There are 2 protein chains.
Amino acid sequence: MRAALLLELEEAMRRSSAQGVLYGQTVANVAGIANSDLECMDILYLEGRVTAGRLAEVTGLTTGAITGVVDRLEKAGLVRRERDEKDRRKVFIAVVPEAIAKLGQFYVPMQQAMEKVFGAYSDEELRLLLRFANEAYKGVLAATEALKGLLDTPPEKRPELKLKKRPRQP
Amino acid sequence: MRAALLLELEEAMRRSSAQGVLYGQTVANVAGIANSDLECMDILYLEGRVTAGRLAEVTGLTTGAITGVVDRLEKAGLVRRERDEKDRRKVFIAVVPEAIAKLGQFYVPMQQAMEKVFGAYSDEELRLLLRFANEAYKGVLAATEALKGLLDTPPEKRPELKLKKRPRQP
DNA sequence: CTAAATATCTTAGTGGCTAAGATATATATT
DNA sequence: AATATATATCTTAGCCACTAAGATATTTAG
C-alpha cells in the first residue's frame, strides 16, 4: 500500500520537477540569455550578493565559465561586479534592482499557475507543503553532495559508464 | 498572514526546485553525458518509447540537435533507434533495459534522501503531497505553454530584454 | 620578505547547438 | 497514376559556451 504510494509520489515529483526544468529553459529562451546565465540569476536572487567563486562552486562551472556568464549578465544590465575592499581578489556579483522587473515578467505565468494551485489548500495544508519543501531542499542538497562525493571514490570502482576526467576541485 | 505564507512557500519551492536542477546537472556530470542527453533519458523514462520529433518538441531542441543527442545515447548503449514499420519516416527512441541500472545508481542518493523525508509523513499526508505534485505538474505545464505563447505576441510589445529570433515552429 | 595559497581572468581548443537545406517517406490533388 | 505538398529525420556549416591550463593580482604563511 504505502510502497505503492511512495512510488507514485516519486514519479509525480520527478515529473513536475522535470517540467520545472523545462519552464526555466523556456524563460532563458524567451529572455534571450543562456541557461547558465539564468541559473546564476536565480542563485543570486536566492543567495543575494555572492562572489564569482561561489557561483562557480554552486553551479559546478569552472571559474573561467563564470567570468563569461558574468560578462554577459553585466552587458545585459542585470548584474554588477563589485570588488571586495576587504579582500581585493574577490569580486562580488550583485543583481541590479531593475533586473527583478526585467526578468520577473517571465515568471508571471508560473506565479499565476501556482497561485491557482495553492488557492485550493487551507493554511494548515500550505504549512505542510512548506515544511515538505524545506525538508526536500535539505534532502536534495545532501544528496547532491553525496553524489559529488562519488567523484572522489576510486573511479575503477564505479562501473558501466565512462566518466569524464574529474573536474578540478582543489 | 496567508500572503506571507504563500510568499515563503514560493521561495521554498523555488529553492528546492533549483537544487533539483543542480542534482540533475551533477548526475550528468558524474555519468559523463551532456545535460540534454540526460534530460532526454528522463523524458524517455517517463513517457516510454517516443519519436525523435517528440523529443525535440518536449525539450525545445531542434531536430538536428536531437539527432546528435540520440547518436551519443546510442553510442553509450543507453537507447536504441527503432524505425516505425507503419510510417517509415518515424524513428522511435527506446531505452535499452540495462540503461536503467547504468543510470539508476546515480539516483540512489536522491532516493535515499527522499525516502528519509517521506518517512516522516503519514499516508494521508503523503496523499496530500501526491495531489499537490500532480496539480503542480499541470500548472507548470500550462505556464510553460503560456510562456511559449509570448513568443507569438508582437516582440516590440515585450520590453527591456533583447530577444532571440523566434525559433522555428511551423 | 620570499613562498605558497587564493580568487579571478585570459586564451586556445572542443563540443553541442541552431539554421538551413537534403533525403526519404507519406498523404493529397488532379 | 503521376505529381505536388507535407511530414520526419538527418546532414552540414558556423557559432557560442564550456573546459583546461596558465597568467595576473592579492593575501596569508613561513
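Every value quoted in this text rests on a predicted model; they were computed, and no experiment measured them. Chain letters run A, B, ... following the sequence lines, proteins first and then strands; every chain starts at 1.
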- Item | Residues forming a side chain to side chain donor-acceptor pair (under 3.5 Å) with A/Ser17, sequence neighbours excluded | none

- Query: Residues in side chain to side chain donor-acceptor pair (under 3.5 Å) with B/Glu124, at least two apart?
  - Reply: none

- Note on the structure: Residue set satisfying salt bridge (charged side-chain N to carboxylate O under 4.0 Å, His left out) with B/Arg80, at least two apart, ordered chain then number -> B/Glu82

- Query: Residues from residues 84-93 of chain B sitting under 4.0 Å of DNA chain D, heavy atoms only?
  - Reply: B/Arg89, B/Lys90, B/Val91

- Message: Among residues at least two apart in sequence or on other chains, which ones pass salt bridge (charged side-chain N to carboxylate O under 4.0 Å, His left out) with A/Arg89?
- Response: A/Asp87

- Task: Identify whether any heavy atom of A/Arg54 sits under 4.0 Å from a base atom; if not, whether one sits that close to sugar-phosphate; answer base, sugar-phosphate or nothing.
- Result: nothing

Set out, line by line, the N/O atom pairs under 3.5 Å between protein and nucleotides 10-17 of chain C.
unit_1 : atom_1 : unit_2  : atom_2 : d
C/dC17 : OP1    : B/Ser36 : OG     : 2.5
C/dC17 : OP2    : B/Arg72 : NH2    : 3.3

- Note on the structure: Sequence neighbours excluded, the answer for salt bridge (charged side-chain N to carboxylate O under 4.0 Å, His left out) partners of B/Glu11 is B/Arg15

- Message: Give the residues of residues 38-48 of chain A touching DNA chain C, defined as any heavy atom closer than 4.0 Å, sorted by residue number.
- Response: none

- Atom CG of B/Asn29 and atom P of D/dC18: how far apart are they, to the nearest Å? 13 Å

- Note on the structure: Taken to the nearest whole Å, CG/A/Leu73 to P/D/dA17 is 11 Å

- Message: Enumerate the ring-ring contact (aromatic ring centres under 6.0 Å, His included) contacts for residues 25-58 of chain B, please, sequence neighbours excluded, ordered by first and then second residue.
- Response: none

Give the table of side-chain donor-acceptor pairs shorter than 3.5 Å for residues 126-133 of chain B, with sequence neighbours excluded, one pair per line with atom names and distance.
none

- Message: Just to verify, what does B/Glu115 make a salt bridge (charged side-chain N to carboxylate O under 4.0 Å, His left out) with, not counting sequence neighbours?
- Response: none

- salt_bridge(B/Asp84, B/Arg49) N-O dist < 4.0 Å: no

- Item | Atom pair OG (A/Ser36) and CG (A/Asp42), whose distance is rounded to the nearest 0.5 Å | 12.5 Å

- Task: Could you name each residue pair satisfying salt bridge (Lys or Arg N to Asp or Glu O under 4.0 Å) that touches residues 27-38 of chain B, not counting sequence neighbours?
- Result: B/Asp37-B/Arg72

- Note on the structure: Separation of D/dT24 atom P from A/Arg83 atom CZ, nearest Å, is 15 Å

- Rounded distance (Å) that lies between atom P of C/dA7 and atom CZ of A/Arg81: 17 Å

- Query: In whole angstrom, what separates B/Leu55's CG from D/dC10's C1'?
  - Reply: 15 Å

